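The structure appears right after this line, and notes come after that.
Keep in mind that this is a model prediction, so the values were computed, not measured. All residue numbers in this chain count up from 1 along the given sequence.
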Amino acid sequence: MNLQEQPSDVLARLAELREADAPTHGGRVLSYVYDSGVAELDQLAADAIRMVQPVNGLDPTTFTSVAVMEREVVAFARDMLNGDDDVVGSVTTGGTESCLLAVKTARDNWTGDGKPRLLAPVTAHAAFQKAAHYFGLDLDLVPVLPDGTVDTDVMIERMGPDVALVVVSAPSYPHAAIDPIAAIAAAALEQGIDCHVDACIGGWVLPFWEGLEPWDFRVDGVTSMSADLHKFAYAPKGISVLLTRGRDRQRAQYFSTTQWPGYPVVNATMLGSKSAGALAAGWAITRALGRDGLAELAASCARSTAFLVELIDFIEGLRVVGSPVGPLLAIATDESVPEERRVDPHHWADEVRSHGWMLQLQPGLNQSFGVTLPHTTHLTITPVTESVMAGLADALMSAAGAVRGVPPVSADDALASLPEGLLDSLTEPLDSESALRVLTEVGLVATDASGLPEKMAPFLALITALPAPVTERLLTELIARTIE
Ligand SMILES: *Cc1c(COP(=O)(O)O)cnc(C)c1O
């Protein structure tokens, strides 16, 4: 047929666009991407995706390959997370969908009166805030200590008959803290409350981490768990598992209707028609690696993480937050050294970026009750990190040297940097025109496809300084404008 553009030209354009992306391989980006460093696995995933390209995952009775792959991935996860025959599950499109469905399931199983409550430490992934928002639960976020750990007694005190689900993390994304799962799950069980362990990031790597207390289905009272294959199972984006203890509990996850004139609808997850690509890729990779392969890659992550923890301890002015469990960590200023020797983690991340390595800036948080959490810089360590460690370590050290003694951007500085009168004009609700004007005035709106500004520290300071609803509205505008 007569094509409007030749496929080779279309692909050339895509290649050009991809050039502008952050590098997905080679270990230069220490978040978002999980690089096994094994080219064979990437090729296997690509081949598997290609083989199921036309399949519709909507109906596992018509496309039976989908059911077989899903059953095997779920069985693998259940085995790894020590679930028995009573633990069943689904493959979802990612961690967020797994978390959303865990909340929806608990809400639908909850038998109390009034509005159900979702109880979680403030460090629980933001997907749970989204779930409470989507599914109409009251959100009860419990403040954590400055090292990112939650006080078990405070969590237990907040339990009650209106709680539909309590969430704990293994580990938390912001600080890699592992929550007191056994104690919280036991208390939840006693009160008949469901307990979800969010192992989205830890689920495929902590089974091979040494020296951990039971944190999975070995713990009585754990009623569901999420574990993302597109993180430490190295699958391309679009695959996670949600496991649930008890068939009857899990059936509340499903949506089914015959009350329309079309085909009977039965959906285990949120989407209707869906790709089987990521499922096939995740299935193929987990089969190829098996437990031993995953363990070998986890061991590499563990070595790199231990090395980086030591390196940060060695760099004057920085410190690792808490005691990270798993291949991720948060780094804050070491306030035990004199001011002129301190390193601000956001200036540091900006400087590290100028050396070609991308770390993730995390804002500080003023918690509703209790302590303020310091702003930090996040690193996720993957197997590829080990092969580039020398270069990474050099960049981390020399960047610290370059910004040591430079004070953090304070909230006052951030607000003072705003154009005259701008703050007063930020009356809610902001419409999209005014939001765009603000973004342009502070230099945040991308006038081309060049992405983020070079220095992120001032913007992170602004995020913490402005009222949350204002920032949230501005960020919505920022992202919406990237596609307009
Ligand atoms: C990544 C992550 C999620 C959300 O997963 P997505 O795949 O990004 O949707 C949830 N919880 C934790 C702990 C995570 O690390």
Side-chain angles (χ1 to χ4, degrees), residues 27-35 37 123 144-150 169-179 199 201-213 215 231-232 295-337 341-349 351-353 355 357-362 364 373-401 403-404:
R28 294 235 157 211
V29 181
L30 288 102
S31 57
Y32 305 112
V33 288
Y34 299 75
D35 185 358
T123 45
V144 298
L145 302 170
D147 65 354
T149 61
V150 63
S169 302
S172 72
Y173 184 85
H175 309 108
I178 195 154
D179 290 331
I201 200 158
W204 292 87
V205 66
L206 292 196
F208 314 105
W209 218 254
E210 284 177 10
L212 301 184
E213 295 291 317
W215 54 279
K231 288 178 180 162
F232 286 100
E296 197 179 307
L297 293 173
S300 166
C301 294
R303 286 191 298 271
S304 294
T305 306
F307 180 87
L308 284 166
V309 166
E310 260 185 57
L311 181 77
I312 299 302
D313 282 345
F314 169 79
I315 297 178
E316 189 186 13
L318 288 176
R319 66 180 173 89
V320 172
V321 178
S323 314
V325 177
L328 53 156
L329 38 116
I331 297 164
T333 300
D334 180 0
E335 290 184 328
S336 72
V337 303
R341 305 300 302 163
R342 292 180 192 168
V343 175
D344 175 70
H346 287 179
H347 289 321
W348 177 64
E351 187 67 26
V352 170
R353 181 148 162 236
H355 293 259
W357 302 83
M358 288 177 71
L359 312 182
Q360 195 173 51
L361 290 77
Q362 302 187 131
L373 300 179
H375 64 289
T376 58
T377 287
H378 174 107
L379 273 70
T380 293
I381 293 102
T382 61
V384 78
T385 311
E386 197 166 28
S387 63
V388 294
M389 189 57 92
L392 175 62
D394 270 352
L396 299 183
M397 284 192 291
S398 66
V403 300
R404 185 168 289 115

Requested in this report: State which residues pass side-chain hydrogen bond (donor to acceptor under 3.5 Å, both in side chains) with T380; sequence neighbours excluded, sorted by chain then number.
Outcome: H378

Query raised in the report: What pairs meet the salt bridge (charged side-chain N to carboxylate O under 4.0 Å, His left out) rule with one or both residues in residues 302-330, with sequence neighbours excluded?
Result: R303-E386, E316-R341

Query raised in the report: Say you draw a straight line from CG of L359 to CG of L379; how long is it, rounded to the nearest 0.5 Å?
Result: 5.0 Å

Report task. Report the residues that fulfil side-chain contact (heavy atoms from CB on, under 4.5 Å) with V384, sequence neighbours left out, ordered by chain and then residue number. Result -> D35, T382, S387

**Report entry** Nearest heavy-atom neighbours spanning P383 and S300
**Finding:** O-OG, 3.4 Å

Query - Heavy-atom closest pair, residues A332 and T376 - result: CB-CG2, 4.0 Å

Report task. Please examine the side chains of L308 and L396, heavy atoms only from C-beta on, and report whether any two atoms are closer than 4.5 Å. Result -> yes

Query raised in the report: What's the shortest heavy-atom distance between G148 and H175, and which atoms?
Result: CA-ND1, 3.6 Å

Report task. Provide the closest heavy-atom pair for W215 versus G202 in the form atom of the first, atom of the second, distance. Result -> CH2-O, 4.3 Å

Report summary line: All heavy atoms of A298 vs all of F208, minimum pair found to be CB-CB, 3.7 Å

Query raised in the report: Just wondering, do I178 and L206 contact through their side chains at under 4.5 Å, heavy atoms?
Result: yes

Query raised in the report: Which residues pass the ring-ring contact (aromatic ring centres under 6.0 Å, His included) test with H375, sequence neighbours left out?
Result: H346

Query raised in the report: Listed by chain and number, what are the side-chain contact (heavy atoms from CB on, under 4.5 Å) partners of V403, not counting sequence neighbours?
Result: V343, H347, W348, E351, V406

Query raised in the report: Which residues satisfy the side-chain contact (heavy atoms from CB on, under 4.5 Å) test with M397, sequence neighbours excluded?
Result: L311, F314, I315, D394

Query raised in the report: Rounded to the nearest 0.5 Å, how far apart are CD of Q360 and OH of Y173?
Result: 3.5 Å

Report summary line: Residue set satisfying side-chain hydrogen bond (donor to acceptor under 3.5 Å, both in side chains) with Y34, at least two apart, ordered chain then number -> none

Query raised in the report: Per the side-chain contact (heavy atoms from CB on, under 4.5 Å) rule, which among L392, V309, L328, L329 passes with I381?
Result: L329

Query - Listed partners of A302 passing side-chain contact (heavy atoms from CB on, under 4.5 Å), at least two apart - result: W209

Requested in this report: Tell me, please, which residues at least two apart from T377 pass side-chain hydrogen bond (donor to acceptor under 3.5 Å, both in side chains).
Outcome: none

Query - Set of residues satisfying side-chain hydrogen bond (donor to acceptor under 3.5 Å, both in side chains) with respect to D147, sequence neighbours excluded - result: T149

Query - Side-chain touch I201/P171, heavy atoms, less than 4.5 angstrom - result: yes

Requested in this report: Measure the spacing between CZ of R353 and CZ of R28 and express it to the nearest 0.5 Å.
Outcome: 13.5 Å

Query raised in the report: Do you know the tightest heavy-atom contact between T305 and P327?
Result: OG1-CA, 3.4 Å

Query raised in the report: Taking side chain as C-beta onward, heavy atoms only, is P345 less than 4.5 Å from T333?
Result: yes

Report task. Could you check if a side-chain atom of S169 sits within less than 4.5 angstrom of a side-chain atom of T123, using non-hydrogen atoms only? Result -> no

